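Since we're looking at a predicted model, the values are computed, not measured. Below, all heavy atoms of this structure are taken into account, side chains as well, without hydrogens, waters or symmetry copies. We name chains A, B, ... by the order of the sequence lines, and we start the count at 1 in each one.
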There are 2 protein chains.
Amino acid sequence: MGTTIDLPLDQVLVGDCIAWLRHLPPASVHAIFADPPYNLQLKGTLRRPDDSLVDGVDDEWDRFPDLGAYDAFTREWLTECRRVLRKDGTIWVMGAYHNVFRLGSALQDLGYWILNDVIWRKSNPMPNFRGRRFTNAHETLVWAARGPESRYRFNYAAMKALNDDLQMRSDWLIPLCTGGERLRDDKGAKLHPTQKPEALLHRVILACTQPGDVVLDPFLGSGTTAAVAKRLGRRFIGLERDPTYAQAARARIDAVEPAPEDAAAALPSKREQKRIPFGTLVERGLVPPGAKLFDRQKRWEAVVGADGTLRCGRAQGSIHQVGAAVQDAPSCNGWIFWHLEGRDGRLRVLDELREAIAREE
Amino acid sequence: MGTTIDLPLDQVLVGDCIAWLRHLPPASVHAIFADPPYNLQLKGTLRRPDDSLVDGVDDEWDRFPDLGAYDAFTREWLTECRRVLRKDGTIWVMGAYHNVFRLGSALQDLGYWILNDVIWRKSNPMPNFRGRRFTNAHETLVWAARGPESRYRFNYAAMKALNDDLQMRSDWLIPLCTGGERLRDDKGAKLHPTQKPEALLHRVILACTQPGDVVLDPFLGSGTTAAVAKRLGRRFIGLERDPTYAQAARARIDAVEPAPEDAAAALPSKREQKRIPFGTLVERGLVPPGAKLFDRQKRWEAVVGADGTLRCGRAQGSIHQVGAAVQDAPSCNGWIFWHLEGRDGRLRVLDELREAIAREE
DNA sequence: TTAGGCTCTGAATCGCAGG
DNA sequence: ACCTGCGATTCAGAGCCTA
């Protein structure tokens with residue numbers, strides 16, 4: 001175990017990721033994104049129907065002697081990641097059918113708590129040239145908290161907004177990284193065999209971090225994680241073994257222009273907004289003491305007390321308690337249950353009044 | 001190890017599947033479909049926002065003391081399945097994130113050779129009621145051969161035909177089993193908590209067997225595998241622990257009319273509708289966070305957030321919501337209201353960008 | 001007859017701040 | 001660390017009823 005160093009923010013560090021991770025202080029990063037070697041087991045070469053050669057992944061870093069060696073490697077870096085992850089941080093690990101079952105099992109064995117598996121559906125996958133299997137049109141991301149009790153961050157409202165006001169699902173349709181986004185060398189060949197699309201990282205980072213948070217990528221590769229983190233106003237730490245990749249990533253990151261601060265923030269969910277006690281509405285005269293509140297169908301009528309309590313028959317208490325009591329329900333959100341009658345006879349839900357106050361403050 | 005019996009074709013056998021498997025002759029079935037217990041670990045009760053209770057899976061058969069016990073169980077039945085599987089046969093195993101990584105790892109460890117992982121995308125999944133995760137909108141099927149050298153069957157042309165003459169991809173969009181297909185008891189309650197849709201088994205069986213082949217299901221449950229196998233002119237062997245489920249499955253299977261031998265019983269493939277959320281344009285960099293949008297006359301200017309929301313003065317929300325707010329209109333089609341300014345100063349309506357993406361997918 | 005509204009339900013590891 | 005109580009949270013599809 002080496003000596004601990006200060007958190008090397010916004011840097012690409014060249015070297016073995018496990019060694020680097022051991023130097024980082026514990027519980028120091030908010031999120032980790034890891035796209036480890038897939039342990040692809042290609043046999044021989046693959047040709048398209050027109051006899052052209054498929055440029056598969058056959059790099060040295062993707063070769064392991066057997067599954068046991070791959071498992072040992074996986075457990076080692078995932079162990080160090082868990083140490084470095086903050087108590088309430090989350091990790092994303094991605095893979096394909098060759099390795100993702102090893103990754104998921106290792107996460108569970110090491111004490112992580114899986115929150116979702118997410119499917120990256122490729123809109124433009126490589127076809128299956130031999131016609132011997134289904135077109136491999138997706139990869140899998142596993143999203144996990146450090147443990148079952150983690151109070152992790154999930155920017156629910158932002159994800160919902162990103163999906164036209166429907167809950168974000170666990171299947172994401174995103175094209176492969178091609179065209180101008182793909183890094184290439186002098187000869188126009190792709191620089192990295194598995195460069196991930198920025199759209200994928202955009203969604204990942206936006207889902208589970210806020211501006212200023214630290215995102216670590218132990219297999220930085222072409223630098224997609226760091227580039228998107230910078231653009232979204234997050235800090236990053238990138239680890240990469242190969243100096244050529246690291247250098248290309250640095251150049252790529254340097255060219256990124258961060259988004260304006262207010263654009264990078266995720267839409268705050270209601271939970272994160274400032275709490276307004278119902279009594280405030282009474283104090284400010286928006287709901288005078290003695291006013292009557294109704295549910296939407298006007299089945300019940302309650303009277304407002306000067307202290308912000310409601311009374312409805314025998315039930316007395318907060319807007320939530322009385323709402324729950326009259327419905328005989330275990331709980332109730334009084335803000336959206338109770339309504340005030342306007343002069344025109346129209347019912348206005350309390351939540352509207354609350355939002356008017358929230359905007360003022 | 002018990003004595004071997006003749007292959008009990010087209011029967012539902014009641015009892016422990018591992019015990020039954022041990023009695024079956026080796027290398028005797030062409031395909032196996034297994035939907036084992038998922039080992040869900042539900043803690044409390046879950047209510048919908050309207051306070052109704054969610055009927056979760058808390059059956060005794062889904063409870064295991066710990067992951068180790070689940071792994072041991074998994075390895076045991078998968079070992080027997082491999083013995084019973086013909087040399088060139090294939091197996092389908094399905095699960096969700098709770099268990100599928102254990103299943104996939106066990107398959108690999110036992111010598112099976114994974115061919116694909118296939119995603120069952122649910123068109124109508126249950127939402128995430130607490131807003132704490134992504135909507136769990138899929139399950140995973142692992143398709144594997146008995147070993148790396150297996151000369152397995154894959155009905156490439158049938159799958160392609162089933163998919164409007166495009167190669168069948170690894171992500172399948174299929175609705176949940178509901179309505180008339182769902183088995184119910186006298187009181188109208190669902191008979192089995194996890195009955196699978198016949199459309200799913202249709203595709204599975206059609207992909208890897210031919211008429212007359214034997215399909216084994218060690219966790220038959222409500223009998224979907226056997227019913228579809230019979231309809232498609234395949235033989236089946238169903239193992240089921242619970243006599244009630246087995247009895248219901250038998251009745252269901254008896255009612256199935258086999259398709260005519262030459263019938264190309266192809267389900268109409270479902271062309272996917274293309275709904276493009278505005279957030280997609282942001283993620284893909286077509287509209288960067290912080291970009292400014294204008295209405296056609298440039299009366300208003302709004303700023304784009306990283307989550308696809310707009311902000312214009314105090315109004316924040318979707319392109320539609322903010323468009324409506326600034327005009328003080330009840331509603332607004334943001335796609336044709338907002339414009340992006342090009343480098344040449346010309347305004348381009350968002351709808352043009354959306355159509356560019358829709359064409360790609 | 002039909003259109004529209006209301007109800008019900010589905011493999012679910014489903015709070016959190018403040019005291 | 002524990003306890004209290006506020007108050008946040010749902011989509012698609014089938015079935016049924018009413019106008």
Side-chain angles (χ1 to χ4, degrees), chain A residues 88 108 112-117 144-145 147-154 156-157 160 163-170 269-279 297 308 317-321 323-324 329-338 350-351 354, chain B residues 35-59 61-64 67 94-100 120 122-140 173 175-182 184 188-190 192-197 219 221:
Chain A
D88 295 337
Q108 292 178 309
Y112 289 100
W113 191 247
I114 298 180
L115 300 169
N116 279 113
D117 58 335
E149 306 303 328
S150 246
R151 297 196 175 184
Y152 59 91
R153 163 167 290 271
F154 176 52
Y156 175 76
K160 191 169 171 177
N163 192 36
D164 266 5
D165 287 331
L166 286 179
Q167 285 193 341
M168 185 68 81
R169 296 171 39 119
S170 55
S269 66
K270 265 195 173 162
R271 274 197 192 93
E272 292 172 290
Q273 286 163 14
K274 191 169 169 192
R275 273 165 67 153
I276 312 270
F278 176 66
Q297 292 96 353
S318 72
I319 52 173
H320 316 293
Q321 288 166 343
S331 70
C332 168
N333 181 347
W335 290 108
I336 60 175
F337 180 75
W338 294 109
L350 290 185
D351 208 39
R354 174 171 65 161
Chain B
D35 181 25
Y38 281 17
N39 189 28
L40 298 186
Q41 294 149 61
L42 306 182
K43 285 174 180 158
T45 56
L46 179 64
R47 286 173 182 275
R48 298 188 177 80
D50 66 2
D51 272 328
S52 64
L53 210 56
V54 174
D55 181 18
V57 177
D58 59 352
D59 304 69
W61 51 257
D62 197 47
R63 285 198 286 268
F64 292 81
L67 263 186
M94 83 180 278
Y97 66 87
H98 317 79
N99 70 325
V100 75
W120 168 27
K122 303 177 185 183
S123 55
N124 50 350
M126 180 154 62
N128 185 293
F129 296 116
R130 305 306 293 267
R132 294 297 299 140
R133 303 179 176 200
F134 298 99
T135 304
N136 204 349
H138 75 276
E139 294 184 32
T140 301
L173 183 67
L176 293 173
C177 177
T178 59
E181 190 183 319
R182 189 97 199 200
R184 299 184 183 280
K190 58 188 174 193
H192 192 284
T194 71
Q195 184 179 343
K196 294 297 172 287
F219 305 97

When rounded to the nearest Å, what value does the distance between C1' atoms of D/dG15 and C/dA11 take? 23 Å
I'd like to know if the side chain of A/Ser170 reaches the main chain of B/Phe134, judged simply by a donor and an acceptor atom lying under 3.5 Å from each other, with no hydrogens or angles considered. no
Measure the distance from CG on B/Asn128 to P on D/dC11 and round it to the nearest whole Å. 10 Å
D/dT9 and C/dG10, which share atom name P, separated by this distance in whole Å: 25 Å
Residue whose nearest DNA chain C nucleotide is more 5′ - A/Tyr112 or B/Cys177: B/Cys177
Residues B/Asp55, B/Lys190: salt bridge by 4.0 Å N-O rule: yes
Scan A/Arg169 against the nucleic acid and name what it touches under 4.0 Å (heavy atoms): base, sugar-phosphate only, or nothing. nothing
Protein-nucleotide distance (B/Arg184, atom CZ; D/dG15, atom C1'), rounded to Å: 10 Å
With heavy atoms under 4.0 Å as the rule, sort B/Pro125 into base, sugar-phosphate or nothing. base
Just so I know, are the side chains of A/Ser150 and A/Trp113 near enough to count as touching, which here means a heavy-atom distance under 4.5 Å? no
Under 4.0 Å from OP1 or OP2 of D/dA8: is there any side-chain N or O of A/Asn333 that close? yes
Does a side-chain N or O of A/Tyr156 approach OP1 or OP2 of D/dT10 to a distance below 4.0 Å, or not? yes
Below 3.5 Å, does any donor atom in the side chain of B/Arg48 face an acceptor in the base of C/dG10, or the other way round? yes
Using the C1' atoms only, state how far D/dA1 lies from C/dC16, rounded to an integer number of Å. 15 Å
In this structure, how many angstroms lie between the C1' atom of C/dG15 and the CZ atom of B/Phe129, rounded? 17 Å
State, without any angle test, whether B/Arg182 and B/Thr178 hold a side-chain donor-acceptor pair at a distance under 3.5 Å. no
Among D/dT9, C/dA11, D/dG13, which is the nearest nucleotide to the side chain of B/Asn124? D/dG13
Does C/dC16 have OP1 or OP2 under 4.0 Å away from a side-chain N or O of B/Arg132? yes
Nucleotide nearest B/Leu176 when distance is taken to its side chain, options D/dC6, C/dA11, D/dA8: C/dA11
For the side chain of A/Leu166, starting at C-beta, report the closest nucleotide among D/dA14, C/dA12, D/dA12. D/dA12
Closer to the 5' end of DNA chain D via nearest nucleotide, is it A/Gly334 or A/Gln167? A/Gly334
Once you apply a heavy-atom cut-off of 4.0 Å, does B/Gly95 come out as touching a base, just sugar-phosphate, or nothing? nothing
Once you round it to whole Å, what is the distance between C1' of D/dT4 and CZ of A/Arg275? 11 Å
When we call it a touch if two heavy atoms are under 4.0 Å apart, what does A/Lys270 touch: a base, just sugar-phosphate, or nothing? sugar-phosphate
Closer to the 5' end of DNA chain D via nearest nucleotide, is it A/Phe278 or B/Gly179? A/Phe278
Can you tell me how far C1' of D/dC11 sits from CZ of B/Arg130, to the nearest Å? 17 Å
Distance test, side-chain N/O of B/Lys122 to OP1/OP2 of C/dG10, below 4.0 Å: no
According to the Watson-Crick and G-U wobble definitions, with both distances under 3.5 Å, which nucleotide is paired to D/dA12? C/dT9
d(CG, B/Leu42; P, C/dA12) in whole Å: 8 Å
Check every strand shown and say whether B/Asn136 touches a base, only sugar-phosphate, or nothing at a heavy-atom separation below 4.0 Å. sugar-phosphate
Reckon A/Leu115 touches a base, only the sugar-phosphate, or nothing at all at heavy-atom distances under 4.0 Å? nothing
Checking B/Arg47 side chain against B/Ser52 main chain: does a donor-acceptor pair fall under 3.5 Å? no
Contact class for B/Arg182 vs. all strands (heavy atom < 4.0 Å): base, sugar-phosphate, or nothing? sugar-phosphate
Please state how far atom CD in A/Glu272 lies from atom P in C/dC16, giving the value in whole angstrom units. 10 Å
Any N or O donor-acceptor pair under 3.5 Å from the base of D/dA8 to the side chain of A/Ser269? no
Nucleotide paired to D/dG7 in any strand shown, Watson-Crick or G-U, under 3.5 Å: none
Does the side chain of A/Tyr156 reach to within under 4.5 Å of the side chain of A/Arg271, using non-hydrogen atoms? no
Side-chain N or O of A/Gln321 less than 4.0 angstrom from OP1 or OP2 on D/dG5? no
Between A/Lys160 and D/dT10, does any side-chain N or O lie under 4.0 Å from OP1 or OP2? yes
Below 4.0 angstrom, N of the basic side chain to O of the carboxylate: do A/Lys270 and A/Asp351 qualify? yes
Base, sugar-phosphate, or nothing: which does B/Asp59 touch, judged by heavy atoms less than 4.0 Å apart? nothing
So, is A/Ser318 close to the D/dC6 phosphate, meaning a side-chain N or O under 4.0 Å from OP1 or OP2? yes
Check this one for me: any side-chain N or O of A/Arg151 less than 4.0 Å away from OP1 or OP2 of C/dC14? no
Using a heavy-atom cut-off of 4.0 Å across all strands, would you classify B/Asp62 as base, sugar-phosphate, or nothing? base
Expressed as a whole number of Å, how far does the C1' atom of C/dC6 sit from that of D/dT10? 16 Å
Would you call A/Arg153 and A/Asp88 a salt bridge, taking side-chain N to carboxylate O under 4.0 Å as the test? no
Any donor and acceptor pair, going by atom type alone, linking the side chain of A/Asn333 with main-chain N or O of A/Phe337 inside 3.5 Å? no
Under 4.0 Å, heavy atoms only, any strand: does A/Cys332 hit a base, just the sugar-phosphate, or nothing? base
Which whole-number value in Å describes the distance from A/Met168 CE to D/dT10 P? 14 Å
N or O in side chain of B/Arg133 less than 4.0 angstrom from C/dA12 OP1/OP2: no
Base, sugar-phosphate, or nothing for B/Pro36, non-hydrogen atoms under 4.0 angstrom? base
Over all strands shown, is B/Lys196 touching base, sugar-phosphate only, or nothing at heavy-atom distances under 4.0 angstrom? base
Tell which nucleotide pairs with C/dC14, taking only Watson-Crick or G-U wobble pairs whose two distances are both under 3.5 angstrom. none
When rounded to the nearest Å, what value does the distance between P atoms of C/dC14 and D/dA12 take? 23 Å
Compare side-chain N and O positions of A/His320 against OP1 and OP2 of D/dC6 and report whether any pair is under 4.0 Å apart. no
